[in-house]
Amino acid sequence: MKKILIIIFLFISVLTAYTQEKFKEVNTAEDVIDNYVTAIGGAEKIREIKSETLTGALNVQGMEIGFMAFRNDTMSYINAEGTAHGTNMILLKSLTTNTFGWEYQMSGLRDYEGDELLKKQLELITGNISFILNYKSKGYEFELKGTDTLNGKLCYKLELLKDGKIVRTNYYDQESFFLKEYFTSNDTRIEFNDYREVSGVYRPFKYIQKSPMELTIVFKEYIFNKMIEPELLSKPAEK
């Protein structure tokens, strides 16, 4: 029994030492970001990802909705389909690029304009996995604002700024350095859970949007570097 306890103790000691060696000591926001990059797989692996295709499902008022998203550094595409009254239909389809954007819902088709288009384009830029490697060249900066506790986990609190204005507030788990939540300037709150390894990179398989309404999206698959079929990007016919 004593030998078993010694072995367990040694294993924990080695694991703790490895974890401490893996991450940098945190003194600045950049240290937290560097540790996040390390945690999800490293800069070299991240640079290999030119696009992400995500498939999954969400449940809204008892209706199962299939969900697919595609994103790279030039576009963000979302398609959600579900069955209502026995008929399969598009519930949401949207496309955002660096120059334009549009959205189709059951109520009809509309173009993004003005501040709404700028907001969608901001999400396009910051939602790309490579953003964390090139945010400085795009005119963004992070500031470390101490720590906070979310769901019982101590997290580093970082503010993302552009031109001196707060774009969002990110929370990184102090142990794993995974991104756990972020809040945007318009009070949207997204929680990230169930990180899994995909081709050497850790991605969250569960999103919980907590405002303005609560939605849970569970992803089934991430596919890297597969180009989207062009016909999917066409606008649906207006009603």
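Quick note: numbers below take in every heavy atom, side chains included, and nothing from hydrogens, waters or symmetry partners.
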CA sep, side-chain torsions, deciding dist, call: K136, E30, salt bridge (Lys or Arg N to Asp or Glu O under 4.0 Å): CA-CA 11 Å; K136 290 181 181 178; E30 191 167 345; 3.1 Å; yes
Intermediate values then yes/no, salt bridge (Lys or Arg N to Asp or Glu O under 4.0 Å), D34 and K24: CA-CA 8 Å; D34 287 347; K24 299 168 62 175; 2.8 Å; yes
Salt bridge (Lys or Arg N to Asp or Glu O under 4.0 Å) evaluation trace for E123 with R71: CA-CA 11 Å; E123 292 171 355; R71 57 197 181 199; over 6 Å; no
Residues D111, K235; criterion salt bridge (Lys or Arg N to Asp or Glu O under 4.0 Å); working and verdict: CA-CA 10 Å; D111 291 321; K235 285 184 178 182; 2.9 Å; yes
Verdict with supporting geometry, N35 and T38, side chain to side chain donor-acceptor pair (under 3.5 Å): CA-CA 5 Å; N35 285 343; T38 298; 5.0 Å; no
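Taking every heavy atom of both residues into account, K162 and G139 meet most closely at CD-O, 3.1 Å. Residues A80 and I65 share a closest heavy-atom pair of CB-CG2, 3.8 Å.
Hydrophobic cluster membership is shared by F205 and F224, with clusters built from Ile, Leu, Val, Met, Phe, Trp and Tyr side chains linked at under 4.5 angstrom. By the rule that hydrophobic residues join a cluster once side-chain heavy atoms approach within less than 4.5 Å of another member, F142 and I125 end up as members of one cluster. Under the 4.5 Å side-chain heavy-atom criterion for ILVMFWY residues, a single connected hydrophobic cluster contains both Y135 and L179. Both L215 and F192 are part of a single hydrophobic cluster, where members link through side-chain heavy atoms under 4.5 Å apart. Using a 4.5 Å cut-off between side-chain heavy atoms of Ile, Leu, Val, Met, Phe, Trp and Tyr, with links allowed through other members, L109 and I90 fall into the same hydrophobic cluster.
Judged purely by distance below 3.5 Å, without hydrogens or angles, the side chains of N134 and S137 never pair a donor atom with an acceptor atom.
By the side chain to side chain contact (heavy atoms under 4.5 Å, CB included) test, L117 pairs with Y112, Q121, sequence neighbours left out.
Using a cutoff of 4.0 Å between basic side-chain nitrogens and carboxylate oxygens, E52 and R203 are scored as salt-bridged. Of the charged side-chain nitrogens involved, none lies within less than 4.0 Å of a carboxylate oxygen, so that E191 and K180 do not count as a salt-bridged pair. Checked for salt-bridge contact, E113 and K120 miss the test: no charged N lies under 4.0 Å from a carboxylate O.
Checked by atom type and distance alone, the side chain of N72 never pairs as donor or acceptor with a backbone atom of K50 at under 3.5 Å. Formation of a donor-acceptor pair under 3.5 Å by the S176 side chain with backbone atoms of D173 is not found in this model. Using modelled atom types, one side-chain atom of T28 and one backbone atom of D31 make a donor-acceptor pair closer than 3.5 Å. In this structure, the side chain of T188 does not engage the main chain of T184 through any donor-acceptor pair within 3.5 Å. Put simply, the side chain of Y140 never gets that close to the backbone of D163: no donor and acceptor are under 3.5 Å apart.
Between L58 and T216, every side-chain heavy-atom pair lies at or beyond the 4.5 Å cut-off. The closest side-chain heavy-atom distance from T97 to T74 is not below 4.5 Å. A 4.5 Å side-chain heavy-atom check between T53 and Y222 finds every atom pair outside the cut-off.
Using a 30° and 60° split on the angle between ring planes, Y156 and F177 fall in the parallel class, below 30°. Ring pair F219/Y207 is perpendicular by interplanar angle, where above 60° counts as perpendicular and below 30° as parallel. Aromatic ring orientation, Y202 versus F178: tilted (interplanar angle from 30° to 60°).
R168 forms a cation-pi arrangement with Y182, by the criterion of a distance under 6.0 Å to the ring centre and an angle within 45° of the ring axis.
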